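Just so it is clear, the model here is predicted, and its values are computed rather than measured.
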Amino acid sequence: MTLSTASASRPVVGLRGQLLFIVGALAALTLMLTLLRGALLVWNWELAAEVTRGDLLEAFFNGLRFDLRVVVIVGAPLMLTVLSARLMAMRTLQCLWLTLATLLLCLLGTIELSFYREFHQRLNTLVFQYLQEDPATVLSMLWYGFPVVRLLLGMALVSWLMYRSYRWLDRHTRLPDSAANRQHSQLGALTARVSVLLLLLLSSTVLARGTLRQGPPLRWGDAFTTESTFTNQLGLTPALTLYSAAKAQFSDHRNNAWLGLMDDSKATEVTRHLLLTANDQLIDAEQAPVRRKSESPAETVLPVRNVVVVLMESFAGYYTGALGSPLGITPEFDRLSKEGLLFTRYFSNGTHTHQGMFATMACFPNLPGFEYLMQEPEGGHAFSGLPQLLSKRGFDDLYVYNGDFAWDNQKGFFGKQGMRHFIGRNEYVNPVFSDPTWGVSDQDMFDRAVTELNALDHTRPFYALLQTLSNHTPYALPDPLPVDAVSGQGVNDEHLTAMRYSDWALGRFFDQVRNEPWYKDTLFVVIGDHGFGTPRQLTDLDLLRFNVPMLLIAPGITERFGQRNDIVGTQVDVVPTIMGRLGGEVQQQCWGRDLLALPTEDKGFGVIKPSGGGQTVGLLQGDQLVLQPRGEQPRAYRYQLGPEAAVTPLPQVPTELDEQLKAYVQTATTALLENRVGVEVATGKGD
């Protein structure tokens, strides 16, 4: 065989073959993304138990539209190759590019399987937040909390199969050299290539827009076409949600702030009307929006001098027996609730612990653009929180925690606020159990808290923050367990077992301190930092993730206030409610209210926002909820909590509630940016 003969029979790449390769490869990539969406559905199947087949089909159709945007981006370099025979011939490089993109997209899809199960959100800024934390802790949490090996093996298998499919397409879309030569010898070869490129660009533009309508291209809101939050979320694509999160995370966070929604003076006026009561006297009105002197009525003061706040990790109201759960997860808390005052419509301000910490102790809400406040420069402001208010009264302080105070900048933040005595994971000796990821067990934390509380100088009043941690991924618990493991609740069995263990440790703590001399002089506040995912994903905010119990235990509290209170409250109400029970005049600028000194007709309110960098906030008032995504139309619902938790859309959004939500968020954001959030007039950025 001559050299020319061999050359004539060798398969090469022609324009038609390259077009077939591009279409085939991108079709295979689209199929893979659809299969990953199916895996997300199967992995979180319990959330789809009541979803109709029609809604699922609609979610997959919406998902296809979003997936095609990603596929077009991946295929762009391949489309440009049609301009050059040399570029078309570089099939190995094209296959490597496709495989690299496949590997990345498959990695995102694999990560999201467990991410969505944990947070009920698609990939968002939480990813970057965890990357900024201690790598050893994050890796340990992933290794012990999730089936990392199985997921990585599955990802590797899918990527390898996709690579083999690209090589198969490469082999079967080459033309004989003679056919290619006939094509390229024609006078219009260049015209043909340009025409094909224009056709590809035109079709890609349509697919990338995702819609034929005039105006903006496909947006995340276009996936929200059903009544099911899960199926709406299912229609999104992780690469695009993570890209949007990256733009928000790495741009100036002030661009995400809710400013300019209305005239500042009007926003301040509306916010003052929301927060100020007959027991408040506004001061420094030109310097701060809601700085005031407050003094609760004498008949609402309790005979207490100490305060202990117990912040319970992931203590979800939906699974709390005292709030109606029939599962028996919290028998100790249920027993304690009969000794104190239980708030039945209580909510966290965010869905992560750090938000629960600064809302509860610093009395400042979780705001768009500032949900990582404890790590932001603005976290150095002097807030109107429990440390500031009680330090002025000469209180001693104590913070006992299972883990490392470097996480979430806890020691830096609370140290700046005025706390001095910290007991973390490195201060425990011979703990009963130590989790390699987070720290010691809840029973170790509570045991150490008993020791530290008894060792305080009880001639001085004190306040303490005790924070649990065992009810957190990877749920590393003592063996043997002092409680029965939970079964029959699907993917939440492990989480609920950890919650039952934390509840046991809480009850044991109260049994240990009940007979201590300082107990009868102490107000105990037991509150969840946030909830966690349930089979009922109510509204885009996933309302049940915010519902937490709050219990006040103190001498005379049930005689004066009863055993249950249905007023709406959030964590920013904790500090003013505490100060009201201690009595006396207090100068403060809390973004909540004393819930036990309100008029009987007041239904209470709360502003909430989920983690993850999203721009949706909500206002709860009575049994109504208004959701406001930035740049979108607000929505309103009537909600109910408990075992039969549900929401019913309202035909119209109450104008007053929508205005109050925007005013509150704008006023709080402006005050934070201008360092006007403290008890006294700030003298500089770092005050």
Side-chain angles (χ1 to χ4, degrees), residues 28-48 59-60 63 66-67 70-71 74 98-166 230 233-243 245-246 314 352 435-438 472-477 489-498 532-533 535 537 611-612:
L29 189 60
T30 303
L31 177 61
M32 185 200 76
L33 293 176
T34 300
L35 292 175
L36 285 174
R37 179 168 286 102
L40 181 65
L41 171 62
V42 173
W43 202 262
N44 296 275
W45 183 251
E46 292 183 353
L47 294 173
F60 272 80
F66 282 96
D67 288 345
V70 177
V71 169
V74 173
L98 286 167
T99 303
L100 178 63
T102 297
L103 189 63
L104 177 60
L105 293 173
C106 196
L107 174 64
L108 295 179
T110 302
I111 291 172
E112 200 171 48
L113 296 177
S114 295
F115 185 92
Y116 194 90
R117 177 181 287 182
E118 182 71 18
F119 301 118
H120 285 190
Q121 299 177 63
R122 304 302 292 262
L123 294 184
N124 54 40
T125 57
L126 288 174
V127 174
F128 306 114
Q129 182 62 24
Y130 277 116
L131 290 175
Q132 293 172 9
E133 295 288 359
D134 173 37
T137 301
V138 173
L139 291 174
S140 179
M141 177 181 66
L142 295 176
W143 181 257
Y144 289 105
F146 302 98
V148 175
V149 174
R150 282 188 292 153
L151 291 174
L152 289 178
L153 287 175
M155 182 191 74
L157 176 62
V158 171
S159 299
W160 181 78
L161 290 174
M162 290 296 293
Y163 171 73
R164 298 303 303 168
S165 71
Y166 298 141
F230 175 62
Q233 293 274 0
L234 193 64
L236 297 172
T237 296
L240 296 179
T241 61
L242 192 62
Y243 170 71
S314 300
H352 266 69
D435 170 14
T437 301
W438 293 116
H472 190 294
T473 307
Y475 315 117
L477 306 175
Q489 299 303 310
V491 297
N492 277 334
D493 281 351
E494 195 176 16
H495 205 327
L496 291 173
T497 298
F532 58 92
Q537 195 172 346
S611 301

- What pairs with H495 under side chain to side chain donor-acceptor pair (under 3.5 Å), at least two apart in sequence or on another chain? N471, Y475
- Query: Can you check side-chain contact (heavy atoms from CB on, under 4.5 Å) on W160 and T99, steps first, answer last?
  - Reply: CA-CA 8 Å; W160 181 78; T99 303; over 6 Å; no
Does any N or O in the side chain of [X] come within less than 3.5 Å of the main-chain N or O of [Y], such that one atom is a donor and the other an acceptor?
| X | Y | answer |
| --- | --- | --- |
| R117 | W43 | yes |
| S165 | M162 | yes |
| N492 | G533 | yes |
| R122 | Q233 | yes |

Looking only at non-hydrogen atoms, find the nearest pair between [X] and [Y] and report the distance.
| X | Y | result |
| --- | --- | --- |
| G235 | F66 | O-CD1, 3.3 Å |
| G490 | E46 | CA-OE2, 2.9 Å |
| A48 | L41 | CB-CD1, 3.8 Å |
| F532 | L496 | CZ-CD2, 3.6 Å |

- Item | Any residue meeting salt bridge (Lys or Arg N to Asp or Glu O under 4.0 Å) with D435, in chain and number order, not counting sequence neighbours | none
- For the residue pair L151 and P147, establish whether any side-chain heavy-atom pair is separated by less than 4.5 Å. yes
List the atom pairs, donor and acceptor, that lie under 3.5 Å between side-chain atoms in residues 102-109 and the rest of the protein, sequence neighbours left out.
residue : atom : partner : partner atom : Å
T102    : OG1  : L98     : O            : 2.7
T102    : OG1  : Y166    : OH           : 2.7

